[in-house]
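Sequence positions, counted from 1, serve as the residue numbers for this chain. When reading the values below, keep in mind they use all heavy atoms of this one structure, side chains included, and skip hydrogens, waters and symmetry mates.
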Amino acid sequence: MNKQIGLFGGTFNPPHIGHLLIAQEALTQLHLDEVWWMPSSTPPHKQKDNEVSDDQRIEMVQKAIGNNEQFSLSLLEFERSGPSYTIDTVRLLKEKYPQVAFTFIMGGDMVHSLSSWHKIDELKDLVEFAGVGRAGYAVDHHWERYRVKHVEVPIIEISSSFIRNQSSVGQNIRYYVLDEVWNYIKENHLYGTN
């Protein structure tokens, strides 16, 4: 049987407990062998935040995944230049690991934008998609069109942008992120922390 790997992409700026729940539930519910966390280098759909460096985002992901033997960090998107199109990443992975079956894990908001993804018709033939429900984004025809598997995760309205905004106005963000990440944010004065 081929190894089953989940690909969990994102900016992870910062990685928070919602990300960890998604990765763990995808691992369990989809019977994956591992989840590879893939911080994006230059996300095509988002404005890059220049206040936090790529190295700092990578370090925060390392701290978030800790010693979980089924989670690992992939820096593939940093090893090439240009926008981080998923199709390019998946092509490289399929060349490098031809016997591995990949599942791309995403939030429900991303499922609704799949039709606009770069070379989506080719991408859907190379990977399976798994989506996590999110408030305001119903499991509907978008999911059916791309055969997106549904992963049940308790809905916790946390986002990286919420955490950044809270931190920038002096609100405590402890417990939105793991202690290791929280300490790193404080030590490096990220997101307006002193």
Side-chain angles (χ1 to χ4, degrees), residues 1-47 57 60-61 64-65 68 70-74 76-77 83-94 97 100-164 176-177:
M1 185 175 168
N2 291 345
K3 200 166 188 178
Q4 307 283 323
I5 301 293
L7 303 175
F8 190 26
T11 52
F12 303 118
N13 186 20
H16 52 72
I17 60 169
H19 292 129
L20 288 159
L21 284 172
I22 290 169
Q24 183 59 46
E25 287 303 318
L27 184 75
T28 302
Q29 294 177 33
L30 301 175
H31 309 289
L32 301 172
D33 295 299
E34 298 172 22
V35 172
W36 295 355
W37 293 57
M38 303 187 74
S40 56
S41 172
T42 309
H45 299 293
K46 291 186 177 181
Q47 184 79 26
R57 288 190 299 119
M60 285 191 285
V61 171
I65 63 178
N68 187 324
Q70 290 181 289
F71 289 168
S72 56
L73 174 67
S74 171
L76 188 63
E77 295 206 345
S84 303
Y85 290 116
T86 304
I87 184 66
D88 297 332
T89 301
V90 170
R91 281 184 190 141
L92 288 173
L93 287 169
K94 295 295 282 184
Y97 307 100
V100 172
F102 291 104
T103 300
F104 193 84
I105 304 163
M106 70 189 93
D109 54 331
M110 297 305 287
V111 174
H112 282 237
S113 70
L114 272 175
S115 60
S116 68
W117 284 28
H118 187 60
K119 299 189 177 180
I120 183 63
D121 290 330
E122 182 182 346
L123 179 61
K124 72 180 173 65
D125 292 335
L126 297 176
V127 293
E128 290 195 80
F129 294 114
V132 175
R134 191 163 181 178
Y137 295 93
V139 177
D140 57 14
H141 66 279
H142 295 285
W143 294 64
E144 189 176 317
R145 179 176 179 185
Y146 296 103
R147 301 182 303 275
V148 180
K149 295 178 180 176
H150 186 236
V151 178
E152 282 287 339
V153 176
I155 293 178
I156 301 174
E157 288 298 317
I158 299 175
S159 67
S160 296
S161 59
F162 171 80
I163 292 170
R164 291 193 305 270
Y176 288 104
V177 296

message: Applying side chain to side chain donor-acceptor pair (under 3.5 Å), can you list everything that pairs with Lys94, at least two apart in sequence or on another chain?
response: none
Those residues that, when tested against Phe162, pass side-chain contact (heavy atoms from CB on, under 4.5 Å) (two or more places apart): Ser159, Gln166, Tyr176
Donor + acceptor pair across side chains of Thr103, Glu128 (<3.5 Å): no
- prompt: Are Trp117 and Tyr146 near enough that their ring centres are under 6.0 Å apart?
  reply: no
- prompt: Atom CD1 in Ile65, atom CH2 in Trp36: separation rounded to 0.5 Å?
  reply: 12.5 Å
message: Using the side-chain contact (heavy atoms from CB on, under 4.5 Å) criterion, which residues pair with His19? Sequence neighbours excluded.
response: Phe8, Phe12, Pro15, His16, Trp37, Ser160
field: Residues in side-chain contact (heavy atoms from CB on, under 4.5 Å) contact with Leu21, at least two apart in sequence or another chain
entry: Val153, Ile156
- prompt: Any side-chain heavy-atom pair from Ile22 and Val151 closer than 4.5 angstrom?
  reply: no
Could you tabulate the donor-acceptor pairs under 3.5 Å formed by side-chain atoms of residues 23-30, not counting sequence neighbours?
{"unit_1": "Gln24", "atom_1": "NE2", "unit_2": "Thr28", "atom_2": "OG1", "d": "3.3"}
{"unit_1": "Glu25", "atom_1": "OE1", "unit_2": "Gln29", "atom_2": "NE2", "d": "2.7"}
{"unit_1": "Thr28", "atom_1": "OG1", "unit_2": "Gln24", "atom_2": "O", "d": "3.0"}
{"unit_1": "Gln29", "atom_1": "OE1", "unit_2": "Glu152", "atom_2": "N", "d": "2.9"}
{"unit_1": "Gln29", "atom_1": "NE2", "unit_2": "Glu152", "atom_2": "O", "d": "2.6"}

message: Side chains of Val35 and Gln70, heavy atoms from C-beta outward: is any pair under 4.5 Å?
response: no
message: Applying side chain to side chain donor-acceptor pair (under 3.5 Å), can you list everything that pairs with Ser115, at least two apart in sequence or on another chain?
response: none
task: Write down the atom of Ser40, the atom of Glu77, and the distance for their closest heavy-atom approach.
output: CA-OE1, 3.2 Å
Nearest atoms (heavy-atom pairs only) where Ile5 meets Leu32: C-CD2, 4.3 Å
message: I need the Met106 CE to Phe129 CZ distance, nearest 0.5 Å.
response: 5.0 Å
- prompt: With side chains defined as the heavy atoms from C-beta onward, is the minimum distance between His112 and Trp143 less than 4.5 Å?
  reply: yes
statement: The salt bridge (charged side-chain N to carboxylate O under 4.0 Å, His left out) partners of Asp33 (sequence neighbours excluded) come to none
message: Can you list everything that forms a side-chain contact (heavy atoms from CB on, under 4.5 Å) with Ile155? Sequence neighbours excluded, please.
response: Glu157
statement: Those residues at least two apart in sequence (or on a different chain) that pass side chain to side chain donor-acceptor pair (under 3.5 Å) with Glu122 are Arg91
Over all atoms of both residues, closest heavy-atom pair of Arg57 and Ser41: NH2-O, 3.9 Å
Over all atoms of both residues, closest heavy-atom pair of Pro39 and Val61: CG-CG2, 4.1 Å
statement: Taken to the nearest 0.5 Å, the spacing of Asp88 CG from Lys119 NZ works out to 7.5 Å
message: Show, in sequence, the C-alpha distance, side-chain angles and deciding distance for Thr86 and Leu123, and conclude whether the side-chain contact (heavy atoms from CB on, under 4.5 Å) test is met.
response: CA-CA 8 Å; Thr86 304; Leu123 179 61; 3.9 Å; yes
message: Distance check, rounded to the nearest 0.5 Å: Leu126 atom CG versus Thr89 atom OG1?
response: 11.5 Å
query: Taking only residues two or more places apart in sequence or in another chain, which ones pass side chain to side chain donor-acceptor pair (under 3.5 Å) with Asn68?
result: none
- request: Quick one: do Arg164 and Asn13 satisfy side-chain contact (heavy atoms from CB on, under 4.5 Å)? Show the steps, please.
  value: CA-CA 8 Å; Arg164 291 193 305 270; Asn13 186 20; 3.9 Å; yes
- request: For residues Ile158 and Ile163, determine if any side-chain heavy atom of one lies less than 4.5 Å from a side-chain heavy atom of the other.
  value: yes
- request: Check whether any side-chain heavy atom of Leu93 lies under 4.5 Å from a side-chain heavy atom of Leu76, and answer yes or no.
  value: yes
Closest contact, heavy atoms only, Ala130 versus Val148: C-CG1, 3.7 Å
